[in-house]
Amino acid sequence: MRIIVFILTAIIQLAAAAAGFLLLLLGMNGYSGDQAKPSLILDIVLAVGSALGLGVVSAYAAKRMVERSSFGRLGASATAVVSFSIIGALILVVGFFAAIALAEVMRGMK
């Protein structure tokens, strides 16, 4: 169960991160390569880190929900995957704006 929850959460996170990365590339229109590079690195690191981290946390949370509540394995797994995927999407949205802000700071440093 924990491996499936981890994989599902990580895949959903990486899919959301890929869509966010494409939007970030559109948002970086007008910045030079040197100005945009730190922002793109920040977005990639945040995407991979959040996918792995939230995958682990969601698997642990599903295990704890099965042990401590009346959720069955399927209910706990579904609840963990959905809730941590939403949290991950919010983290990626904040990261998107942080990456744009970083590119703007890099533009001002020239």
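Basis for what follows: all heavy atoms, side chains included, without hydrogens, waters or symmetry-related copies.
Residues Val66 and Val5 are members of one and the same hydrophobic cluster, defined by side-chain heavy-atom contacts under 4.5 angstrom among Ile, Leu, Val, Met, Phe, Trp and Tyr.
Between Ala47 and Leu14, the shortest heavy-atom contact is O-CD2, 4.3 Å. For the pair Ala62 and Ala76, the tightest heavy-atom approach, listed with the atom from each and the gap, is O-CB, 3.7 Å. In plain terms, the two heavy atoms of Ile91 and Ser50 that are nearest each other are CG2-CB, 4.5 Å. In terms of heavy atoms, Ser39 sits closest to Gln35 at OG-O, 4.3 Å.
Counting only distance, with no hydrogens or angles, the side chain of Thr9 and the backbone of Gly55 share no donor-acceptor pair below 3.5 Å. Distance alone, capped at 3.5 Å, is enough to place a donor-acceptor pair between the Ser83 side chain and the Ala80 backbone.
The structure places OG of Ser77 at 11.0 Å from CZ of Arg2, a figure rounded to the nearest 0.5 Å. Leu24 CG to Phe97 CZ: the interatomic distance, rounded to the nearest 0.5 Å, is 11.0 Å. Atom-to-atom distance recorded for Ser58:OG and Ile12:CD1 is 9.0 Å, nearest 0.5 angstrom. With rounding to the nearest 0.5 Å, the separation of NZ in Lys63 from CZ in Arg68 is 10.5 Å. Atoms CG and CZ, from Leu23 and Phe96 in turn, are 6.0 Å apart once rounded to the nearest 0.5 Å. Note that CE of Met28 and CZ of Phe21 are 9.5 Å apart. Values are rounded to the nearest 0.5 Å.
Residues Val57 and Ile87 form no side-chain contact, since every pair of their non-hydrogen atoms from C-beta on lies 4.5 Å or further apart. In this structure, Leu92 and Gln13 have side chains that are in contact, with non-hydrogen atoms separated by less than 4.5 Å. Proximity of Asp34 to Met106: side-chain heavy atoms (C-beta onward) are nowhere separated by under 4.5 Å. Taking the side chain as every heavy atom from C-beta outward, Met1 and Leu74 never approach each other to under 4.5 Å.
Heavy-atom neighbours of Leu25 CG from other residues, nucleotides or ligands within 6.0 Å: above the threshold of 12. Residue Ile44 qualifies as enclosed at atom CD1: its count of foreign heavy atoms under 6.0 Å is above 12. Within 6.0 Å of CD1 in Ile3 there are 12 or fewer heavy atoms belonging to other residues, nucleotides or ligands.
The side chain to side chain contact (heavy atoms under 4.5 Å, CB included) test applied to Phe6 returns Leu52, Val56, Ala59, not counting sequence neighbours. Evaluation of the side chain to side chain contact (heavy atoms under 4.5 Å, CB included) rule for Ala61 yields Phe84 as partners, not counting sequence neighbours.
A cation-pi arrangement, defined by a distance under 6.0 Å to the six-membered ring centre and an angle within 45 degrees of its axis, is present between Arg107 and Tyr31.
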